[in-house]
Amino acid sequence: MGVQYYISCLKKKESIFYENPAFKNQENFLKKLNITKQDIINANLRLDRFRPYLKKRFQDTKDGLIESQIKEVPGFKTELEDRYGIEIKGRVFVKMDNTLPIAGSIKARGGIYEVLKLAETILIEQGYLSYQDDYSKLLHKKCKDILSKYTVVVGSTGNLGLSVGIMSAALGFNAEVHMSCDAKEWKKELLKKWGAKVIEHPGDYSYAVKMGRKRCEGDRFAHFVDDENSLDLFLGYATSALRLKEQLAKVDVYPSTNNPICVYLPCGVGGAPGGISFGMAHVFGTAARCYTAEPVGAPCVIGALITGKDDFNIKELGIELNTEADGLAVPGPSKLAIPIIKNIIAGGFTLFDEEMLWSVRSLYLKENIKIEPSAGAGVKGVYFVEKYVGKCDHLIWLTGGMLIPDNEFQRMLSIN
Ligand SMILES: Cc1ncc(COP(=O)(O)O)c(C=O)c1O
């Protein structure tokens, strides 16, 4: 089926599955790219240096590691079979970034990494820190005094704001979070509790990012965490793939091209799924097939994949941004991630809000797993891949939810 067919489906807000023809050239593409596996390893070494600090500052990190478990979900697999009327031959796992320490979402991987790197750079420049030090010294008042001269700014639909805001405030930076109109009230309140300044904008995600970027222009004491362009965010996300091989081996999953692991990644601007796919491509090659998952009301990354336009915007489809999945409510993709994603990803799909809300309920009732609607976007990948691709095991990346207040969670459970 051609580009026009897929675009007309996106315009009609239909749920589609798209296989990326460039996926088979992944290996050649990676060889030519100037970002390498070594960059991911270096990012991981940086996170390791911070572990003594993180362990003391955030008890939920257990040994200072920002990582989540994978879990097989047989009860939910049966639910998926019933809902979509299929027999699922592969095993079904979830990656539990909904419980990721500190900020409870996939965005913590990138956001926290970028803030830590900034702190390290400043403290080394000022002669207060060296790579050989025990980084627990970042708990000292002197360190906080140095960092308090700087402001970390970010534009966000919510979860990147939480990650950057919490980590910045903990280190002693001033934190300023520009939020889009889609951002949930509880996320704003949580940030304020951490001492971050929350600036609310009437516009969408792109507008909030633009305002944050503008705020930093000409201010040498301000650092903008740029969700649409940041390589540091991208590498922070990518580090997750380094540990996945071992995690999968523990549950007897050894991906191969004959029996790949298919990974479903909820996608907003494309940074987090892009970084993770990039890491997976380096670790597993085409034995890992990563798919982007987006609401029919915010299909910007799949639109860029299908049309080949890096600056695709859903306005071109004549549709309004509209989804209950606040983390995915994005009209245009990341300029850094798209040129990479479109050469390494196996494909993408869109789904209805109702399907995400069903997965919130179903994962809670069958597996006692708490997620937010954005985090449920990956579930439909199991159906599409079983139907159109073939033999594999499935990994649904659950991207957020741990911090949702109970009353908000009950509200979500009650939406039909
Ligand atoms: C819960 C959740 N899942 C997935 C994403 C998608 O990440 P990205 O915007 O980098 O594609 C977000 C983004 O904020 C999110 O909050």
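Every heavy atom of this structure was used, including side-chain atoms; hydrogens, water molecules and symmetry mates were not. Note that the numbering runs from 1 along the sequence shown for the chain. Atoms within each ligand, like the ligands themselves, are counted from 1 in listed order. Computed from a prediction, not measured in an experiment: that's the story for all the values here.
In this structure, the protein non-hydrogen atom closest to atom 13 (C) of ligand 1 is G327 O, 3.1 Å. Here the protein heavy atom with the shortest distance to atom 9 (O) of ligand 1 is V269 N, 2.9 Å. G268 N, 3.4 Å is the protein heavy atom nearest to atom 6 (C) of ligand 1. Looking at atom 5 (C) of ligand 1, its nearest protein heavy atom turns out to be L328 CD2, 3.7 Å. Scanning the protein heavy atoms around atom 15 (C) of ligand 1, the nearest turns out to be N159 ND2, 3.8 Å. Counting only heavy atoms of the protein, atom 10 (O) of ligand 1 lies nearest to K107 NZ, 2.6 Å.
By the 3.5 Å distance cut-off applied to N or O atoms, G271 is counted among the residues near ligand 1. Residue G270 places at least one N or O, backbone or side chain, under 3.5 Å from an N or O of ligand 1.
When each of F384, F349, F17 is paired with Y291, the ring pair (Phe, Tyr, Trp, His ring centres under 6.0 Å) condition holds for F17 and for no other. Screening Y6, Y5, Y388 against Y18 for a ring pair (Phe, Tyr, Trp, His ring centres under 6.0 Å) leaves a single residue, Y6.
Here S374 has side-chain heavy atoms under 4.0 Å from ligand 1, and that is the only part of it that gets that close.
Residue-ligand proximity, T399 to ligand 1, at heavy-atom distances under 4.0 Å covers atoms 1 (C), 2 (C), 3 (N), 4 (C). Listed by number with element, the atoms of ligand 1 under 4.0 angstrom from any heavy atom of C267 are 11 (O). Heavy-atom proximity to A272, at under 4.0 Å, picks out these atoms of ligand 1: 7 (O), 8 (P), 10 (O).
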Can you give me every donor-acceptor pair (side chain of residues 247-254, partner residue at least two apart or in another chain, under 3.5 Å) with its distance?
from, atom 1, to, atom 2, distance (Å)
Q247, OE1, K95, NZ, 3.0
Q247, NE2, S68, O, 2.8
Y254, OH, A249, O, 3.4

Please set out all donor-acceptor pairs under 3.5 angstrom arising from side-chain atoms of residues 362-369, sequence neighbours excluded.
from, atom 1, to, atom 2, distance (Å)
S362, OG, E79, OE1, 3.3
E367, OE2, G75, N, 3.0
E367, OE2, F76, N, 2.8

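By the 4.0 Å heavy-atom criterion, S105 is excluded from the residues contacting ligand 1.
Contact annotation: the side chain of L244 approaches that of L395 to within less than 4.5 Å [non-hydrogen atoms, C-beta and beyond]. By the 4.5 Å heavy-atom criterion applied to side chains, M412 and P373 are counted as neighbours.
D406 and Q410 are not linked by any side-chain donor-acceptor pair at a separation below 3.5 angstrom, with hydrogens and angles left out of the test.
A ring-centre distance under 6.0 Å is found for Y84 and Y383. Ring centroid separation for the pair F234 and F278 comes in under the 6.0 Å cut-off.
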